[in-house]
Amino acid sequence: MARGYDFARIEQKWQQIWEAQGAFVVTEDPARPKYYCLEMYPYPSGKIHMGHVRNYSIGDVVARYLGMRGYNVLHPMGWDAFGFPAENAAFEHGVHPATWTADNIAYMKAQLRRMGFSYDWTREVTCCDPSYYRWNQWFFLQMLERGLAYRGRAPVNWCERCQSVLSNEQAEGGVCWRHTDTPVVQKELEQWFLKITAYVEELLADIDTLTGWPERVRVMQRNWIGKSVGAEVDFPLAEGGSLRIFTTRPDTLFGATFMVLAPEHPLALRLAAGTGQEAAVAAFLARMRRADRTARTDAATEKEGVFTGGYALNPMTRERIPIWVANFVLQEYGTGAIMAVPAHDQRDYDFARKYGLPIRVVIQPPGEPLTAERLESAYEGEGRLVNSGAFSGQDSREGKLSICQFLEEQGIGKRAVNYRIRDWLISRQRYWGTPIPVIYCDACGIVPVPERDLPVILPPDVEITLSGGSPLARVEAFVHTTCPRCRRPARRETDTMDTFVDSSWYFLRFASPRETARPLDPEKVRYWLPVDQYIGGIEHAVLHLLYARFFTKVCRDLGLTTIAEPFTNLLTQGMVCKESYRCPEHGYRLPGEVDKQGRCTACERPVEIGRTEKMSKSKRNVVDPDELLERYGADTIRLFSLFAAPPEKDLEWSDEGVQGSFRFLTRVYRLVEEHAAEIRAARDLAWGEEGQPEAVRTLRRLTHQTIAKVTRDIEDAFHFNTALAALMELQNVLQKCQADLPAAAPGATGLAPAARHRLLAFAEGVEVLLRLLAPFAPHLAEELWEMLGHRESIFRRPWPVADAGLARAETVEVVVQVNGKVRSRQHVPRGTAEERLRQLALSDPRIQPWTAGRSLRKVVVIPDRLVNIVVSS
RNA sequence: GCCGGGGUGGUGAAACUGGUAGACGCACGGGACUCAAAAUCCCGCGGACCUCUGGUCCAUGAGGGUUCGAUUCCCUCCCCCGGCACCA
C-alpha cells in the first residue's frame with residue numbers, strides 16, 4: 001500500500017527511531033522537575049493481555065504528556081519473574097522455570113515494544129536475576145538483625161494444590177488466592193515472618209496523608225489493619241487465678257453477665273474438670289476441631305456453645321458469672337476470651353437468648369428507658385451509664401475513660417489496642433523464589449548467611465514435583481554447607497521467599513537498577529522518589545501496596561531513603577470486560593463459534609449471552625492483543641482502550657468500537673496526507689494585519705478551546721475519554737474546512753488575505769491536533785509531523801498552550817427561560833450587561849405568549865448564560 | 001450489618017463552582033458513489049403528541065424537599081458493583 005494509513009510500517013519505523021535515539025533513556029537532571037510514572041510490572045505469564053494493554057496505555061499517556069510539559073520523566077518497566085506458574089510449567093512441560101520465564105519475558109517485551117510504550121529499557125529489572133534477588137536476601141538479613149524478621153511456630157494457611165503456605169492475604173475468604181476452588185486448611189509449622197506489625201501504627205496513620213489515593217483503597221487498607229481500641233481486663237476465677245479478656249467497650253463492664261472462651265483456649269477443658277461438665281465440653285471441643293474452620297468462623301453460622309462448669313467474678317460487681325466455650329470466639333484475636341454483655345452486643349445477646357443467660361442493661365440511650373425484659377436486640381450505641389455503681393450517670397464515652405483509669409489504679413486491667421493484621425509470613429515451600437539466606441547449625445543454631453556470601457544462588461538442577469514440600473530440600477549440594485561461625489557441617493534453609501517481597505521495593509530499584517554495592521543509590525533515590533503516579537489494578541489494593549509501604553518505611557529506618565511513603569498518587573484502573581457466550585451443550589463458546597442468530601455453531605442451540613465480566617480464559621471472552629496489533633496497529637488499540645471509558649471504571653470491550661478508533665486515526669492520516677503540501681507552504685506565511693474572516697476566527701477558537709479542554713481533562717483526573725472526544729470534534733471540523741482551502745498548492749505569495757488566513761488557520765488546527773494526539777497515538781503523530789516537514793520529534797515540541805483571547809467566544813447563546821423552561825435563545829456579544837439582557841429577554845417576541853396576561857415576579861440574569869423570567873401562573 | 005462507588009437513550013458514555021440533559025463514539029435507518037460489494041462521504045437518530053420550515057408535553061432508579069432553576073444539594077427508600085465482617 002503506497003498511500004493510506006500503513007500503520008504496520010509507520011509503527012515499526014518510529015519504534016526503531018525511538019530505540020536508536022534512546023528517546024526514553026533518562027538520567028538525573030537537577031535543572032528540570034522530575035516525574036516518576038510507574039505502572040505495576042507484569043508477571044511474565046507468557047503473553048500480555050488486554051488488562052496490561054490498558055494499564056500501560058494509561059501510563060504511557062501520562063509519561064509522554066508530562067515529557068511534553070517539560071518534566072524529566074522516569075518511566076521504567078521490569079518483570080515480576082519469580083512465582084508458581086514457572087514451576088507448574090516445569091512440571092507439565094519439563095522446561096526449566098528459568099528458561100520458561102526468560103522465554104516469556106522475551107516474547108512479552110517484544111509485545112510491549114510493538115505497543116510503542118515509552119519505557120527506559122536500560123533500567124529493566126528482572127526479579128529472578130541474582131543481581132536483584134541478592135538484595136531481597138540483604139533486606140532479610142538487615143531485618144533479621146533488627147528483630148524485624150523472626151522465626152516462629154504458627155498455625156499457617158496451607159493450600160493442598162500449591163503444597164505451600166499462604167499469607168493471610170493470599171488465603172482471603174478461606175480459599176487459595178490462586179486456586180479459588182481449593183479450601184485453605186490449617187497447619188502448624190516453623191516459618192519465617194516479617195514484623196509488619198512493628199510499623200502498624202505508622203502504616204495506619206499515614207493512610208491519612210495519601211490524599212492522591214482513591215478513597216476505597218485507603219478504606220481497604222484501614223479495614224485490613226483493623227485497629228480496635230479498648231482495654232484488657234483480668235476477671236478473677238472462682239477457683240483462683242484469673243482470665244484475661246479484651247474489650248472495646250470497657251464502659252459496659254458492669255453488664256458482663258457471663259464469659260466465653262474460644263474452643264482452642266487453654267482453660268476451656270481445665271475449667272470443666274470435676275464440674276460434671278467435663279464430658280460435654282470435651283465432646284464440644286472435639287466437634288469444633290473437626291469442623292471446617294472457615295465455616296465455623298463464618299458470621300452466618302449459628303452460634304453455639306457449652307457451659308464449662310467454671311465461674312469467674314465480674315471485677316466490678318463481684319457477681320459470680322458462668323464461663324462458656326463457644327464457636328464464635330476466635331483464639332487468634334485479642335486474648336481468645338471475651339466478657340459477654342448481652343444488653344449491648346448483638347452476638348452476646350443472641351447467645352444469651354438461646355441459652356437463657358441473664359441480660360443487664362447498663363447503657364441508657366436518650367428517650368424511652370430500656371429494660372432487659374423488653375429488649376429485642378442489643379443496644380450498641382452510646383448513652384448514659386446505669387446500674388454501674390459509682391460510674392452511673394456518666395456518658396458512655398466518659399465512662400470508657402474513667403473505668404479504664406479505675407482498672408489501672410486497681411491493677412486489674414489496662415488500656416489496650418488490638419489489630420486484625422498479622423505479621424507477614426514469607427516462607428514458601430517452593431523452588432522458584434529467593435532463597436532465604438539462613439543456615440541451621442547444630443552447634444550455633446540459626447546463623448544468618450554473612451553479607452559477603454550473598455547472593456545465595458538458587459541451584460539450577462532441581463526436580464520439580466509440585467508436592468512433598470520444598471524442592472530445594474532435595475538438592476543435596478544446596479542443603480549441605482558449613483556453618484559460617486564454627487565451620488562445622490550445617491544445613492541451609494530450603495524455603496524461599498514470598499514473591500511479594502520482590503515487588504515491595506522494585507520501584508526503588510528503578511532509580512539505580514545497576515547498583516552493585518547496595519540495593520539502591522540513596523542520591524538517585526532522593527532525586528526520583530517518591531513515585532509521582534502509580535497505576536495498576538485494584539486487586540493489589542491491600543497485598544502489594546501495604547507491603548510496599550512497609551518496605552519503604554524500613555528503608556527509611558535503614559538510612560537508605562528519606563521518604564515515608566512510596567506512591568504519591570495512585571490510579572486503580574478498572575478491569576477490561578467482555579460478554580461471554582455459553583452453550584447449554586458445549587459450555588463457553590468463542591465469538592466465532594456463535595452464528596448471527598446467536599446459536600452455537602456445533603449444535604445450533606441458542607447460546608446464553610453472559611453479562612460482561614473480566615476477560616478470562618475460562619469464560620473464553622479474551623481478546624488477544626497480538627491479533628488486534630496485526631489488524632489495526634498499536635495506536636488504534638491504545639486509543640480505544642483510552643476512549644471507551646474513564647480509566648478508573650471497568651471497560652467493556654467492543655470490536656466495533658475498536659473499528660471506530662481505527663476510522664478516526666485513518667481520517668486524521670488522510671486529512672494530513674492530502675494537505676501536507678499546503679500546510680508546509682503555510683509555514684512561510686504570516687497572519688498580517690488584515691482582519692480575519694468569521695470562519696477563520698471560529699476555527700481558531702475551536703483549536704484553542706481544544707487545547708484548553710484536552711489539557712484540563714488530562715490534568716484534572718486523566719479523563720482521556722473526553723480529551724479524545726474533543727480531538728475527534730476538532731478533526732470533524734477540520735475535515736469540513738478542507739473544502740474552503742485555496743485550490744492549488746499555493747506559493748508563499750499571491751494568496752488573497754482571506755485565503756491566506758483560511759490556510760493558516762487550517763494549518764494551525766492540524767498541527768495542534770497532532771500535538772495533542774501525540775501522547776495517545778504516538779506513532780501516527782510522529783509520522784504525520786514528519787510529513788509536515790518537521791525535522792525534530794513531535795515529543796520535543798512543548799505541549800501547546802491555548803491563547804485565551806482566541807479561545808474566547810465573541811458571541812454567546814443566552815437561553816431565555818420562563819419559569820425555568822427554555823422558551824427562546826438569543827445570540828448576543830459576550831459580556832452583554834445584565835440590564836441589556838433583561839430587556840432583550842422581556843422584549844423577545846417568542847416569550848410574549850408565555851408572559852402575556854401574567855404578572856412579572858422576578859427576572860434572574862446570569863450573564864453569558866441565561867435569563868429566567870418568573871411570572872405568576 | 002458496616003464502609004466505598006454507582007444507577008442517565010438501543011449501547012459505551014458526556015454535562016465547568018446548581019444554569020440549554022445526552023458531547024464524542026458504537027449500533028441502527030436513509031441517501032450518494034459503485035455493475036455489485038467493501039471502503040468512503042452526506043443526512044437522521046431519547047419517548048409521546050400536535051394545527052409538523054415549527055411547536056407542546058414527558059424523561060437522568062423511586063418518592064419527597066430546598067431553589068427562579070436540580071443529573072448536580074438535602075431527606076427517605078429501592079437496586080447494582082466492590083471491600084470488610086461472629087475481630088469482642
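We name chains A, B, ... by the order of the sequence lines, and we start the count at 1 in each one. Note: hydrogens, waters and symmetry copies are ignored here, and every other heavy atom, side chains too, is used.
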Inset, instruction - Could you tell me whether the side chains of A:Q659 and A:D655 share a donor-acceptor contact shorter than 3.5 Å? - result: no
Inset, instruction - Remember a base hit wins even if backbone is also touched, and classify A:P646 as base, sugar-phosphate or nothing at under 4.0 Å, heavy atoms. - result: sugar-phosphate
Inset, instruction - Using a 4.0 Å heavy-atom cut-off across all strands, classify A:D348 as base, sugar-phosphate, or nothing. - result: nothing
Legend entry - Of the listed nucleotides B:C24, B:C86, B:C58, the one nearest the side chain of A:F328: B:C86
Inset, instruction - Classify the nucleic acid contact of A:R222 as base, sugar-phosphate or nothing, counting any heavy atom under 4.0 Å across all strands shown. - result: nothing
Give me, pair by pair, the N or O atoms of the protein and of nucleotides 44-50 of chain B that are less than 3.5 Å apart, along with how far apart they are.
none

Inset, instruction - Could you tell me which non-hydrogen atom of A:G536 sits nearest to which non-hydrogen atom of A:N55, and how far apart they are? - result: CA-OD1, 3.6 Å
Inset, instruction - Using a 4.5 Å cut-off on heavy atoms from C-beta on, say whether the side chain of A:F718 contacts that of A:I535. - result: no
Inset, instruction - With heavy atoms under 4.0 Å as the rule, sort A:E539 into base, sugar-phosphate or nothing. - result: nothing
Inset, instruction - Quick one: label A:V329 by what it contacts on the DNA or RNA (base, sugar-phosphate, nothing), any heavy atom closer than 4.0 Å. - result: base
Legend entry - First encountered from the 5' end of RNA chain B, between A:D650 and A:I538: A:D650
Legend entry - Any side-chain heavy-atom pair of A:L734 and A:Q731 under 4.5 Å: no
Inset, instruction - Before accepting this row, confirm whether a basic side-chain N of the pair A:E673/A:R670 lies closer than 4.0 Å to the acidic partner's carboxylate O. - result: no
Legend entry - From B:C86, B:C24, B:C26, nucleotide with atom closest to A:N732 side chain: B:C24
Inset, instruction - Output the residues of residues 245-257 of chain A in contact with RNA chain B, where contact means a heavy atom of the residue under 4.0 Å from an atom of the strand; sort by number or write none. - result: A:F246, A:T247, A:T248
Inset, instruction - Decide if atom CD of A:E835 counts as having more than 12 heavy atoms of other residues, nucleotides or ligands within a radius under 6.0 Å. - result: yes
Inset, instruction - Tell me, yes or no, whether the heavy-atom count around A:R830 atom CZ, taken from other residues, nucleotides or ligands under 6.0 Å, exceeds 12. - result: yes
Inset, instruction - Could you measure between the two P atoms, the one in B:C41 and the one in B:G25, and give it in whole Å? - result: 11 Å
Polar atom pairs (N or O), protein with nucleotides 19-21 of chain B, under 3.5 Å:
unit_1: B:G19; atom_1: O2'; unit_2: A:R865; atom_2: NE; d: 3.2
unit_1: B:U20; atom_1: O2; unit_2: A:R825; atom_2: NH1; d: 2.1
unit_1: B:U20; atom_1: N3; unit_2: A:E813; atom_2: OE1; d: 2.8
unit_1: B:U20; atom_1: O4; unit_2: A:E813; atom_2: OE1; d: 3.2

Inset, instruction - Write down the distance separating the C1' atoms in B:U60 and B:G7, rounded off to the nearest Å. - result: 9 Å
Inset, instruction - Please tell me which of the listed nucleotides, B:C3, B:C68, B:U40, lies nearest to the side chain of A:R670? - result: B:U40
Inset, instruction - Return no unless some side-chain N or O of A:R218 is found under 4.0 Å from OP1 or OP2 of B:C3. - result: no
Inset, instruction - For the residue pair A:F776 and A:F720, categorise the inter-ring angle as parallel (less than 30°), tilted (30 to 60°) or perpendicular (more than 60°). - result: perpendicular
Legend entry - A:W213: which of A:I207, A:N569, A:L570 passes side chain to side chain contact (heavy atoms under 4.5 Å, CB included): A:L570
Inset, instruction - Please work out if A:A644 contacts a base, only the sugar-phosphate, or nothing of the nucleic acid, heavy-atom cut-off 4.0 Å. - result: sugar-phosphate
Inset, instruction - Determine the contact category for A:N327: base if any of its heavy atoms lies under 4.0 Å from a base atom, sugar-phosphate if only primed atoms, P, OP1 or OP2 are that close, otherwise nothing. - result: base
Inset, instruction - Enter syn or anti for the glycosidic conformation of B:G9, syn applying to angles within 90° of 0. - result: syn
Inset, instruction - Would you give the length of the straight line joining atom CG of A:D650 to atom CD of A:Q573, rounded to the nearest 0.5 angstrom? - result: 9.5 Å
Legend entry - Nearest-angstrom distance, C1' atom, B:U76 to B:U17: 28 Å
Inset, instruction - List the atom of A:A541, the atom of A:M220, and the distance in Å for their closest heavy-atom pair. - result: CB-CE, 3.6 Å
Legend entry - Atom pair distance, as rounded to whole Å: CG in A:D345 and P in B:G1: 17 Å
Legend entry - Under the salt bridge (charged side-chain N to carboxylate O under 4.0 Å, His left out) test, residues paired with A:E715 that sit two or more places apart: A:R69
Inset, instruction - Look at all strands and tell whether A:R712 reaches a base, only sugar-phosphate, or nothing, counting heavy atoms closer than 4.0 Å. - result: nothing
Inset, instruction - Report which part of the nucleic acid A:W653 touches: base, sugar-phosphate, or nothing (heavy-atom distance under 4.0 Å, all strands). - result: nothing
Inset, instruction - Using a 3.5 Å limit on both pairing distances, list the dot-bracket string of RNA chain B from the 5' end; Watson-Crick and G-U wobble pairs count, crossing pairs take [ ], interstrand pairs take |. - result: (((((((..(((......[....))).(((((.......))))).(((((...)))))..(((((..]....))))))))))))....
Legend entry - Separation between the P atoms of B:A88 and B:C78, rounded to whole Å: 27 Å
Inset, instruction - Please identify each residue that fulfils side chain to side chain contact (heavy atoms under 4.5 Å, CB included) with A:R712, with sequence neighbours left out. - result: A:K709, A:D716
Legend entry - Distance under 6.0 Å and angle within 45° of ring axis: A:K303 vs A:F351: no
Legend entry - A:R422 side chain vs A:E332 backbone, donor-acceptor pair below 3.5 Å: yes
Inset, instruction - For A:G660, answer base if it contacts any base atom (sugar-phosphate contacts may also be present), sugar-phosphate if it contacts only those atoms, and nothing otherwise; contact means non-hydrogen atoms under 4.0 Å. - result: sugar-phosphate
